[in-house]
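Shown next, in structure tokens, is the structure this report addresses.
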Amino acid sequence: MVSTRALAWTFGLISVVVWRSGRVAKNTILTKHPFPEGYYSEGEFSTDCATLKGGPDLKYCEDATFWDHLDSHGNFVDRTLLLSCDAGRKSWNTVMGPLKNPEPRGSLWFYQPDDKGTKDNTVPDPSRLKRLELKGYPAGHDFHPLGVEIYPSYAGNTSNLYVVNHARARTVIEQFTVSPSSPTVAKYVRTLSSPYFHSANALALTSPDSFYVTNDHLFTRRIPYLGHILPILESVFAFPLSFMSHVTLAHPASLEPAIKVHQFSALFVPFPNGITISPDGTNVALASTTLGEVRIYTRDAATNTLTGLIETIPVPFVPDNIRYNHDGAALIVAGHPHFPTLTAVAANKTRVAPSWVVSIDMRPKNSALPKVEFDRQAPVSAQGKASPVAGREVRTLFQSDGSGFSSSSTGLQDPITSVLYVTGLYADDGVIICHPSTKN
Ligand SMILES: *[C@@H]1O[C@H](CO)[C@@H](O)[C@H](O)[C@H]1NC(C)=O
Ligand SMILES: *[C@@H]1O[C@H](CO)[C@@H](O)[C@H](O)[C@H]1NC(C)=O
């Protein structure tokens, strides 16, 4: 149980860091903005957005990812959605606490979107939703899924699926395979364990057998006695202590150690969280949660080395997961606009926390000056809450005071239907689906 004292520390220290750091604007994480119940930029929240109903286990979904089905030439055929959820998160959260009961397993879900994405299909069809069976998963092995990524399937071949798992003793990465011919069965391959995954959070695949992985903290809550305080200090002072790695795996059948190559990709990053690779492979974007910013690195696709930090883009909340959209023209960033409330939700002291999802314009810049006015449509505009960057306009896609949808952690946009999916770390209905209104 997170003690009131730890909570008080969190609040106190957040105030200190806000005072200390001009980078995270005061009103960004400590002011309760007057959010509406729900706002959706491409339609009406009340009629165009709906949550998926999947029973008591489909809640507290930290991450979601598209599983693309391509033909043998790499042309698009179809796309499904995978969700990573943990209904027991209020009893086991190694990032925010508490560490009470690691026993109940989290879940992975498969959703086959309807192909039209029109207003008539607003209410998601529950028959398209299935919980993944974890076939061959070791008995007695915990499952607390966080970041999830799956390699595309080419001409119906099997895809490798990787899931960060905040297991009781340590954080590991689970490897599964999923075949489009039985898409609701995840076959367990192996558990990847490494000192470099000690607080793994998010993944971005660079091949079927290699990926970037972020570690959110150097200090974790599992540290005896100091586990309540060190990670909080690390967060609120935005100590640049953590890191991101690139890992190449050996084939499961080989006798080599599972982790063939480990490279540090970026060191000394405060609370690295979401990570995403641009579709052309030339950039990697990383969310630094405590600094309230997204960092853009250049990437050498041949070696997976990050060759430089070229841009830093502030966002008006603490960012969680991030995704480039299909053509790299935008970055979708989901996060938490009122951190104290999120902390209180994690401690089960209140029920919901607000949500905010933005899109950042990532097209080549056509101006050296930031726009004077931007994000005018949103009930709470990003303008004035995050320093504007020239050519990197921040636009609100989704907002809620928490009553419409709580604690947004991932935003995903379907490139064909433009449907927006948002998952919520502590949302009772794990995912909300917003269909662009036909009037737009
Ligand atoms: C959270 O609080 C609710 C009601 O206040 C209670 O029913 C539930 O058991 C609590 N959950 C945990 C994990 O403590
Ligand atoms: C599926 O096909 C793609 C493209 O040829 C290939 O990169 C991938 O390794 C294949 N996956 C498996 C599991 O064989």
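It should be emphasised that the depicted structure is a prediction, and the values quoted were computed from it without experimental measurement. As the structure lists them, so they are numbered: ligands from 1, and atoms in each ligand from 1.
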Exercise. Does Asn348 reach ligand 1 with a nitrogen or oxygen that is under 3.5 Å from one of the ligand's nitrogen or oxygen atoms?
Worked result: yes
Applying ring-ring contact (aromatic ring centres under 6.0 Å, His included) to Tyr40 and not counting sequence neighbours gives none
In ligand 1, the atoms that come under 4.0 Å of a heavy atom of Ser91 are 13 (C)
| message | Distance alone, cut at 3.5 Å: any donor-acceptor contact between the side chains of Tyr137 and Glu174? | response | yes
Check this for me, if you would: do Arg79 and Asp414 make a salt bridge, where the nitrogen-to-carboxylate-oxygen distance has to be below 4.0 angstrom? yes
Angle class for the Phe176/Phe143 ring planes (parallel below 30°, perpendicular above 60°, tilted otherwise)? perpendicular
### Query
So is Lys100 polar-close to ligand 1, meaning N/O to N/O under 3.5 Å?
yes
Contacts of Ser159 meeting side-chain hydrogen bond (donor to acceptor under 3.5 Å, both in side chains) (sequence neighbours excluded), chain-then-number -> Trp67
Lys/Arg-Asp/Glu bridge criterion (N-O < 4.0 Å) met for Asp327, Arg363
no
Heavy-atom contacts under 4.0 Å to ligand 2, chain-then-number order, include exactly Tyr154, Asn157, Thr158, Pro208
With sequence neighbours left out, the residues meeting side-chain contact (heavy atoms from CB on, under 4.5 Å) with Glu37 are Phe45, Ser403
